[in-house]
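Right, one structure below, let's go through it.
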Number of protein chains: 2
Amino acid sequence: MANIKDIAKRAGVSVTTVSRVLNNHPYVREDKREAVLQAMEEFNYQRNINAVHLSKGETLLIGVVVPFTNHPYFGLLVEGVANEAMKNNYKLVLFQSNYEEEREIEALKMLQHKQIDSLIICSRICGWEVISQFTGYGPIVFCEDARSQNVSSTFIDHYMTFTNALEYLHNKGHQKIGYCIGRRSGANSRQRGKAYADFLSRIGESYNEEYIFYECLNFEHGEEVVQRLLNMDNPPSALLVTSDFAAAGTVTSCREKGIRIPEDLAIMGFDNQPIAKIMHITTLEIPLVQMGKKLLLQAIDSESRTHEEVSVKLIERQTV
Amino acid sequence: MANIKDIAKRAGVSVTTVSRVLNNHPYVREDKREAVLQAMEEFNYQRNINAVHLSKGETLLIGVVVPFTNHPYFGLLVEGVANEAMKNNYKLVLFQSNYEEEREIEALKMLQHKQIDSLIICSRICGWEVISQFTGYGPIVFCEDARSQNVSSTFIDHYMTFTNALEYLHNKGHQKIGYCIGRRSGANSRQRGKAYADFLSRIGESYNEEYIFYECLNFEHGEEVVQRLLNMDNPPSALLVTSDFAAAGTVTSCREKGIRIPEDLAIMGFDNQPIAKIMHITTLEIPLVQMGKKLLLQAIDSESRTHEEVSVKLIERQTV
DNA sequence: TCTTGCTATGAAATGCGTTTCATAAATTAA
DNA sequence: TTAATTTATGAAACGCATTTCATAGCAAGA
């Protein structure tokens, strides 16, 4: 394959001039520019991106760490990131972590090695003490409240959101409220857990471990929830389900088992995915695509560290 | 940041020796190896990946083109690719094409520029005359029958599969059968369309454009299908829905509208996603994760071009 | 003792584009 | 007309690791 030198020779100019043409720098006489372009055409010249990267020290590649790629929550988030990346001429390198710390570290190391320019971590696993070792290598952006860290973040105030949701159910007359969540650990889960505990003590209910359902990520997990519900002596009358798909699964399974919604069980979803609309699920709208966009913009801004809070909106439908 | 030269100087050896240590080449005396390792430790040496790429002419990056990232079909497929990529020390560069030809070409150009080592195209848009211009730059792997092309592929015989599914419904007593599909064009859609037309003429039914539903990708599209069904004078008695999520949406919507399944309408899904199991949807199991794995293995095999046919399995449940 | 062959090591070439620096030529301002 | 700019261009340095080639030392086999 022809390289810049061949083009220069062919066009009768220096490599510098070719580079100027390549990068649209000024100060190239029109006839020389033409000659260069023609030579490139003639040799079907392709510039070696790796040489460009080496030279410029940047790759136009941005890493995105998600626990799963085939989850609707991260699907929408990544879609938002991907759309904005496209607009800004960046490409995405996808890391599926499966919530394994090692995978996240691999991504951080790619940042360190400058194989990617920045890194977006959608659901952090590593502790901050690990993350902080890498902050010097490029922007790291989080999808959680990271205001105390030297990184950028786009986040939702999960404590407040969860509190509001619980209050809403309480105002609708529910006293026994449970919730379904994706994972036990994680900053977001912790915030929600705290909001839940605080809420319970405020309304004078005791904390019932049985009312919390973990690993509720997808449609299919709704079935397990209902199964456990059926085995309870004193089941909750309302459930906050932190994923519309899990909520939809729960609703579907309830219908099958003859549990009336919202009479026997009120269900509130999260995200406002299309499925929630179709199934008339009351939910909290989280602007995932918009968040993805913000995340990417923060990722490509290597100058400043910013924190953006995004607010959610209650969508009232028929399951509460 | 320290480079290989600094390390060499510090360890009192040549850069070649450092490179040997770096790449586990033989012929380095133990004490020198130690010295190099220590120097690397001391300077917290990170090798410049871009220099490695430039030098080696490879990137350990594989591109994956999907129309949407947040679609369960591609979600599972990419998961399969991602898992296998991890095992083989490759990373993925994700291209969301939105079925725009230009996006696919961008990916092909990255292959051409050697920014990625190979490319997996999950749902081709460009014509073969375009693709063939890029086959010389690295392996391009397709998720469709591409036996006639100089590329690798992992595919399903959609003609046969669709035919079998139609026969199955026919054997169950259905004469008026319609189908829902993602997009109008595309190799797979065409194969299915042909199977459908051939089937109709075989059973002596006339082709009814109304019985074909396009843009059926997700749960929410099921509702539209049912809406259209309700407006028909002579609706089909069975529907082949080429996505379990769309099938699930259809089932849900039918229940809401009082259409009994399978009595009034038989529904057969595709993929055997978890949602199909929960909702007892009869479906055709497509081993997406396994296909993803095969795709990746083909992508990293730069020597040979192979074609692997994958077979599907009928999962009988309650919607037919 | 003389080959042959392996072990060990480094200099230099290679991959390729960008950017800095120096210089020359052409304008514009004074 | 001279000084100050602006325009135009190229040589060389730079980013950095890999790999080829040459060489030297040493051991085993003939």
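Chain A is the first sequence line, chain B the second, and so forth, proteins listed ahead of strands; every chain is numbered from 1.
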Between [N] ([atom2]) and [X] ([atom1]): distance, integer Å:
X       : N      : atom1 : atom2 : value
B:Ile4  : C:dT9  : CD1   : C1'   : 14 Å
A:Gln46 : C:dG15 : CD    : P     : 18 Å
A:Tyr27 : C:dA25 : OH    : P     : 18 Å

Determine whether the side chains of A:Glu144 and A:His158 contain a donor N or O and an acceptor N or O closer than 3.5 Å.
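Result is no, nothing qualifies.
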Consider only side-chain N and O atoms of B:Ser97 and B:Glu104, and report whether a donor and an acceptor are under 3.5 Å apart.
no
Please tell me if the side chains of [X] and [Y] come closer than 4.5 Å, counting only heavy atoms from C-beta onward.
X        : Y        : result
B:Met110 : B:Phe95  : yes
A:Arg147 : A:Glu309 : yes
A:Met40  : A:Leu37  : yes

What is the nucleic acid contact for [X], judged by heavy atoms within less than 4.0 Å: base, sugar-phosphate only, or nothing?
X       : answer
B:Val13 : sugar-phosphate
B:Ser19 : base
B:Asn23 : sugar-phosphate

Would you indicate, yes or no, if C:dT9 has its OP1 or OP2 atom less than 4.0 angstrom from a side-chain nitrogen or oxygen of B:Arg29?
yes
Donor-acceptor pair, B:His307 side chain versus B:Ser152 backbone, under 3.5 Å?
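It does not hold such a pair.
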Can you give the first and last nucleotides of DNA chain D, 5' to 3', that have an atom under 4.0 Å from a heavy atom of chain A?
D:dT7 to D:dC16
Apply the side chain to side chain donor-acceptor pair (under 3.5 Å) test between B:Thr154 and each candidate in B:Glu308, B:Gln298, B:Lys294; give the one that qualifies.
B:Gln298
Of B:Leu54 and A:Pro26, the one whose closest DNA chain D nucleotide lies more 5'
A:Pro26
Relative to the 5' end of DNA chain C, which residue comes earlier, A:Asn3 or B:Val15, by the nucleotide with the nearest heavy atom?
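On the 5' side of the pair lies B:Val15.
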Of the residues in residues 5-12 of chain A, which ones touch DNA chain C at a heavy-atom distance under 4.0 Å?
none
CD1/B:Ile49 to CG/A:Asn50 distance, rounded to the nearest 0.5 angstrom?
11.0 Å
Whether B:Lys109 and B:Glu106 form a salt bridge (side-chain N of Lys/Arg under 4.0 Å from carboxylate O of Asp/Glu) is what I want to check.
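No, this pair does not count.
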Winner on side-chain proximity to B:Lys32, out of C:dT19, C:dG15, C:dT9, is C:dT9
